[in-house]
**Student:** 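If you scroll down you'll find the structure; I have some questions about it.
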Amino acid sequence: NSVDGWFSIGEARAGMEGTVSTRAGNGFDTGTLARAEAAGGAPTVVEDPAAAVAEADFVYTDVWISMGQEDQRETKLAAFEGYQVDSALLAGTDAQVLHCLPAHRGEEITDAVLRSERAIVFEQAENRLHAQKALMAHLTASG
């Protein structure tokens, strides 16, 4: 499954409305959509990236080729052609950009967007550090 279902389930639990843009066959399985619906609302799924970002406050992207999937590189690059987060996609929006890092610059996101004032990916990464430290403290606390 190419779309991060856990993120969408968490988004639903937080009362957020999300839109996912992906090609048919690369989206959520029905079980994930059902869990998100039960958690507060399944995301809207569209194929057109411009439609997905038109009203967005935040645009979140992830790598197209994860570790261990390098043998699928050419297939995935072809499958996601047209889905890159670039300046043209973001034109006319005020959306901030998130990415779980590390980014494959020039694939799912351009270097220009990643280095722009819209990108809050390094703040996002710093917040993950603090969340992991809190989890470690909680798990190792004697009680």
Side-chain angles (χ1 to χ4, degrees), residues 1-140:
N1 172 338
S2 298
V3 177
D4 189 343
W6 291 111
F7 181 81
S8 291
I9 293 167
E11 176 183 74
R13 285 188 178 154
M16 299 167 60
E17 294 179 21
T19 301
V20 174
S21 178
T22 190
R23 292 205 193 282
N26 289 296
F28 296 109
D29 57 58
T30 56
T32 300
L33 287 173
R35 285 191 302 278
E37 188 63 44
T44 302
V45 180
V46 299
E47 285 195 43
D48 179 15
V53 304
E55 301 290 323
D57 295 314
F58 299 93
V59 174
Y60 192 116
T61 190
D62 194 358
V63 296
W64 295 340
I65 301 124
S66 296
M67 290 183 291
Q69 296 180 334
E70 291 83 4
D71 60 329
Q72 301 173 30
R73 180 179 179 73
E74 296 308 316
T75 302
K76 288 198 175 227
L77 288 176
F80 292 111
E81 186 176 343
Y83 284 81
Q84 182 182 70
V85 177
D86 60 15
S87 297
L89 179 66
L90 297 173
T93 76
D94 293 323
Q96 292 185 293
V97 177
L98 298 154
H99 192 299
C100 63
L101 297 179
H104 294 169
R105 298 166 192 244
E107 291 179 9
E108 74 279 353
I109 191 167
T110 62
D111 189 59
V113 169
L114 202 55
R115 293 180 176 271
S116 73
E117 290 185 12
R118 292 175 176 257
I120 55 174
V121 296
F122 298 110
E123 293 88 340
Q124 176 188 5
E126 181 181 4
N127 288 337
R128 278 195 310 271
L129 170 67
H130 300 306
Q132 296 303 315
K133 288 175 14 183
L135 179 60
M136 288 174 43
H138 175 74
L139 292 174
T140 58

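Just so you know, these numbers use all the heavy atoms, side chains as well, and skip hydrogens, waters and symmetry mates.
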**Student:** Do any pairs count as a side-chain hydrogen bond (donor to acceptor under 3.5 Å, both in side chains) and have a residue in residues 37-51, sequence neighbours left out, and if so which ones?
**Tutor:**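 Sorted result for residues 37-51: empty, none.
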**Student:** If we ignore hydrogens and angles and just use 3.5 Å, is the side chain of Gln84 paired with the main-chain N or O of Gly106 as donor and acceptor?
**Tutor:**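 Side chain of Gln84 to backbone of Gly106, a donor-acceptor pair under 3.5 Å: yes, one is there.
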**Student:** Under a 4.5 Å cut-off applied to non-hydrogen side-chain atoms, are Gln124 and Tyr60 in contact?
**Tutor:**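 Yes - at least one pair of side-chain heavy atoms lies under 4.5 Å apart.
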**Student:** Around Gln72, counting heavy atoms of other residues, nucleotides and ligands shown, do more than 12 lie under 6.0 Å from its CD?
**Tutor:**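 Enclosed.
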**Student:** Among all residues two or more places apart in sequence or in another chain, which pass the side chain to side chain contact (heavy atoms under 4.5 Å, CB included) test with Ala38?
**Tutor:**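 With neighbours one apart ignored, the set is empty.
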**Student:** If you measure from CH2 on Trp64 to CD1 on Ile109, what distance do you get to the nearest 0.5 Å?
**Tutor:**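 Between Trp64 CH2 and Ile109 CD1, I get 10.5 Å after rounding to 0.5 Å.
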**Student:** Rounded to the nearest 0.5 Å, what separates atom CD1 in Ile65 from atom CZ in Phe80?
**Tutor:**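 Ile65 atom CD1 to Phe80 atom CZ measures 9.0 Å (nearest 0.5 Å).
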**Student:** Restricting to non-hydrogen atoms, name the atom on Thr93 and the atom on Val53 that form the minimum distance, rounded to 0.1 Å.
**Tutor:**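 Closest pair (atom of Thr93, atom of Val53, distance): CG2-O, 3.4 Å.
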**Student:** Return the minimal non-hydrogen interatomic distance between Leu33 and Pro43, and the atom names on each side.
**Tutor:**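 Minimum heavy-atom separation between Leu33 and Pro43: CD2-CD, 4.2 Å.
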**Student:** Is the number of heavy atoms from other residues, nucleotides or ligands within 6.0 Å of NE2 (His138) greater than 12?
**Tutor:**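 Atom NE2 in His138 is not packed in, count stays at 12 or less.
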**Student:** If you look at every heavy atom in Ser66 and Val63, which pair is closest and at what distance?
**Tutor:**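 Ser66 and Val63 have their closest heavy atoms at OG-CG2, 3.9 Å.
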**Student:** Would you say CD of Glu70 has more than 12 non-hydrogen atoms from neighbouring residues, nucleotides or ligands within 6.0 angstrom?
**Tutor:**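 Yes - once you tally the heavy atoms of other residues, nucleotides and ligands closer than 6.0 Å, there are more than 12.
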**Student:** Are any side-chain N or O atoms of Arg118 and backbone N or O atoms of Ala95, one a donor and one an acceptor, separated by less than 3.5 Å?
**Tutor:**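 Checked: pair present.
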**Student:** Using every non-hydrogen atom in the two residues, find where Gly82 and Pro49 come nearest and quote the distance to one decimal.
**Tutor:**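 Answer, listing the atom of Gly82 first, then Pro49: O-CG, 3.5 Å.
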**Student:** With side chain to side chain contact (heavy atoms under 4.5 Å, CB included) as the criterion, how do Thr32 and Ser8 come out once you've worked through the C-alpha distance, each side chain's angles and the decisive distance to 0.1 Å?
**Tutor:** CA-CA 9 Å; Thr32 300; Ser8 291; 5.6 Å; no
**Student:** Could you grab the distance from atom CG of Leu114 to atom OG1 of Thr61, nearest 0.5 Å is fine?
**Tutor:**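 One finds 10.5 Å between CG of Leu114 and OG1 of Thr61.
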**Student:** If you measure from NE2 on His130 to CG on Leu135, what distance do you get to the nearest 0.5 Å?
**Tutor:**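 Reported to 0.5 Å precision, the distance equals 14.5 Å.
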**Student:** Can you name the closest pair of heavy atoms from Val113 and Ala119 and give their distance?
**Tutor:**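 Minimum heavy-atom separation between Val113 and Ala119: O-CB, 3.4 Å.
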**Student:** Taking CD in Glu123 as the centre, count heavy atoms belonging to other residues, nucleotides or ligands within less than 6.0 Å. Is the count above 12?
**Tutor:**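 Buried by this count: over 12 neighbours within 6.0 Å.
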**Student:** Can you tell me if Arg23 uses its side chain to pair, donor with acceptor, with the backbone of Ala79 under 3.5 Å?
**Tutor:**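 Flag set: sc Arg23 to bb Ala79 pair under 3.5 Å.
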**Student:** About how many Å separate NZ of Lys76 and CG of Asp71, when rounded to the nearest 0.5 Å?
**Tutor:**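 Here the interatomic distance stands at 9.5 Å.
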**Student:** With a 4.5 Å cut-off on side-chain heavy atoms, are Leu101 and Phe122 touching?
**Tutor:**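 SC-SC contact between Phe122 and Leu101 confirmed.
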**Student:** For Phe28 and Val20, which heavy atoms make the closest approach, and how far apart are they?
**Tutor:**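 That closest heavy-atom pairing would be CE1-CG2, 3.6 Å.
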**Student:** Could you list all the side-chain hydrogen bond (donor to acceptor under 3.5 Å, both in side chains) pairs where at least one residue sits in residues 102-113, not counting sequence neighbours?
**Tutor:**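 Listed once each, the pairs are Arg73-Glu107, His99-Glu108, His104-Glu107, Arg105-Asp111, Asp111-Arg115.
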**Student:** Atom CZ in Phe58, atom CE in Met16: separation rounded to 0.5 Å?
**Tutor:**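 Between Phe58 CZ and Met16 CE, I get 7.0 Å after rounding to 0.5 Å.
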